[in-house]
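Chain identifiers are assigned alphabetically (A, B, ...) following the order of the sequence lines, protein sequences preceding nucleic acid strands; residue numbering begins at 1 within each chain.
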2 protein chains.
Amino acid sequence: MGRGQKVEYGQLRATVIEVSTEMVMAHGSTSLSIRKIAKKIGCAVGTIYNVFSNLDEIILTVNSTTLSELQSRLLADTGQKDDALAALIGLGQSYVAFCRENYNLWSLVLEHKLAPGSTLPEWHQQQVDDLFLLVTRMTAPLVADDNERAERAARVLWAGLHGICALAMSGKLDVVHAESAEVLAESLVRNYLLGLRAEDMV
Amino acid sequence: MGRGQKVEYGQLRATVIEVSTEMVMAHGSTSLSIRKIAKKIGCAVGTIYNVFSNLDEIILTVNSTTLSELQSRLLADTGQKDDALAALIGLGQSYVAFCRENYNLWSLVLEHKLAPGSTLPEWHQQQVDDLFLLVTRMTAPLVADDNERAERAARVLWAGLHGICALAMSGKLDVVHAESAEVLAESLVRNYLLGLRAEDMV
DNA sequence: GAATTTACTTGAACAGTGTTCAATAAAATT
DNA sequence: AATTTTATTGAACACTGTTCAAGTAAATTC
């Protein structure tokens, strides 16, 4: 078929993702380029465009497995907890730990900006939704009988944890003497949820 | 002096920043390039390198005025409030409003990553510190006698607000039916601070 | 006033980037 | 064996930031 030997579609895709993931993990998101991937695999740039429509699709695919692994981790770490507050604090700690341990891969997820006018692929959006649903389910017991408030709380906590991790990882929280992201995350989750409960008692 | 007419150093710097700011405001951070700036000004690329050492310094300078304007706004909006809780909620609202009204310029601030190994210029770091100090001062009355806790609260609130704005602006909080960043910011600030107070009463 | 030095602008050149596509070569089919 | 189909290739295009030798105009010196 080709000038060289035929490589199976799925196999090549897998190799591209594997190599890309390694590159990002080792040298950060800026080190990723089609030419470098091609060189590392040992094929021409055009060959990669045969199995991925562009670099963005490669990034999206790498990000997809990162999201999967975050979800697995959060599910594993927060499975066996009775106390809803303790469970959510644990969720925050897991999230922070994941960010720490997967700095470059998680940065790739956060840095991704979808082209204006386009939307995320459905399969990718579903992953984000699933992840968020996990948080919503965990906040539900704390604000019984009010689905809207549970969702709002989930959104605030999710965004808040994201903010802590984003600023902590980029060093932008290192004002004077930085506290660890773990301490801040616990403070956020505990006090926000305490506040929600206090609000109920008024 | 030059092949063309001499342009004063400070004047050229100002023009570069002016043009750059316009470009970012109008077409986003990705639209900024040395060549486009040069074309818009009507000079050669090298001329720009005469007054700025590289693109990063241009971005940093644009970001500096953005930070100044954010600080001015926060100071103006939160000046005349007695109630510390109300003042901090107002701060959150101001921050969200600023992000909304200056989306592209604020994105430029957030997207900036300093080259590994280097540190922010002192004058820029000072601006960030000042901004953060503003929040710390406002949290202080709420956790009297404990400077450490006040700082931690400031960090959590600052990071949390950042997370809400970042996710809301990038559309990543649009799960199912998104609530406005303003509502989420108020929920964060109010309940987190309520929680802090509740913690004291235990 | 003329010659020289100094200072600044210029844009081609370099090393990158993503993406496209005509040419090529090997496998599959006739 | 000839033909068709199909995947691979890498040069080419349009960008990017950055550098620097060459050129020019102003300032200085003689």
Side-chain angles (χ1 to χ4, degrees), chain A residues 1-17 19-20 23-24 26-63 104 107-108 111-118, chain B residues 1-17 19-21 23-24 27-63 104 107-108 111-118:
Chain A
M1 292 181 169
R3 193 140 88 195
Q5 54 277 58
K6 175 191 159 95
V7 181
E8 216 212 315
Y9 183 89
Q11 179 57 52
L12 180 55
R13 265 184 81 97
T15 308
V16 169
I17 294 306
V19 165
S20 301
M23 287 173 60
V24 172
H27 305 106
S29 57
T30 55
S31 70
L32 197 65
S33 87
I34 296 280
R35 281 177 169 82
K36 284 182 193 161
I37 298 172
K39 186 171 249 176
K40 208 151 197 170
I41 289 181
C43 68
V45 288
T47 307
I48 293 175
Y49 280 88
N50 244 26
V51 293
F52 286 101
S53 58
N54 50 35
L55 182 63
D56 203 64
E57 196 191 334
I58 297 177
I59 292 174
L60 234 51
T61 309
V62 172
N63 286 350
N104 284 333
S107 295
L108 194 72
E111 282 164 20
H112 182 263
K113 295 213 294 184
L114 48 89
S118 68
Chain B
M1 292 183 166
R3 195 142 85 195
Q5 54 279 56
K6 177 194 160 92
V7 182
E8 218 212 314
Y9 183 90
Q11 179 58 53
L12 181 55
R13 263 183 82 97
T15 308
V16 168
I17 295 306
V19 165
S20 301
T21 305
M23 286 173 61
V24 172
H27 304 106
S29 57
T30 55
S31 71
L32 197 65
S33 88
I34 296 279
R35 282 178 168 81
K36 284 182 193 161
I37 297 171
K39 187 171 246 177
K40 208 152 197 171
I41 288 181
C43 69
V45 288
T47 307
I48 293 175
Y49 280 88
N50 244 27
V51 293
F52 286 101
S53 58
N54 50 36
L55 182 63
D56 203 63
E57 196 191 334
I58 298 177
I59 292 175
L60 234 49
T61 309
V62 173
N63 287 350
N104 283 335
S107 295
L108 195 71
E111 282 164 18
H112 182 263
K113 294 214 292 184
L114 49 89
S118 67

Could you pull out every donor-acceptor pair under 3.5 Å between side chains of residues 28-46 of chain A and any protein atom, sequence neighbours left out?
from: A:S29; atom 1: OG; to: A:E111; atom 2: OE1; distance (Å): 2.8
from: A:S31; atom 1: OG; to: A:M23; atom 2: O; distance (Å): 3.4
from: A:S31; atom 1: OG; to: A:G28; atom 2: O; distance (Å): 2.7
from: A:S33; atom 1: OG; to: A:K36; atom 2: N; distance (Å): 3.1
from: A:K36; atom 1: NZ; to: A:S31; atom 2: O; distance (Å): 3.4

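- In this structure B:T15 satisfies the side-chain hydrogen bond (donor to acceptor under 3.5 Å, both in side chains) test together with B:Q11, sequence neighbours excluded.
- B:N54 and B:Y49 get closest at one heavy-atom pair: CA-CE2, 3.9 Å.
- Taking the side chain to side chain contact (heavy atoms under 4.5 Å, CB included) definition, one finds that B:S53 meets it with B:E57, sequence neighbours left out.
- Using a 4.5 Å heavy-atom cutoff, the side chains of A:F52 and A:I17 are in contact.
- Under the side chain to side chain contact (heavy atoms under 4.5 Å, CB included) criterion, B:N104 pairs with B:V24, sequence neighbours left out.
- Using five terminal pairs a side, the axes of the helix from C:dG1-D:dC30 to C:dT30-D:dA1 at its two ends make an angle of 30°, given in steps of 10 degrees.
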- Go through B:I48 and B:I58 one step at a time and tell me if the side-chain contact (heavy atoms from CB on, under 4.5 Å) criterion holds. CA-CA 10 Å; B:I48 293 175; B:I58 298 177; 4.0 Å; yes
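- Rounded to whole Å, atom P of D:dA26 lies 16 Å from atom CD of B:E8.
- For the contact set between residues 39-46 of chain B and DNA chain C, defined by any heavy atom under 4.0 Å, the members are B:C43, B:A44, B:V45, B:G46.
- Residues satisfying the side-chain hydrogen bond (donor to acceptor under 3.5 Å, both in side chains) test with A:D56, not counting sequence neighbours, are A:H112.
- A heavy-atom distance below 4.0 Å to DNA chain C is reached by these residues of residues 30-38 of chain B, ordered by number: B:R35.
- Put simply, OH on B:Y9 is 20 Å from C1' on D:dA26, counting in whole angstrom units.
- Within a heavy-atom distance below 4.0 Å of DNA chain C, the residues of residues 48-61 of chain A found are A:Y49, A:N54, A:L55.
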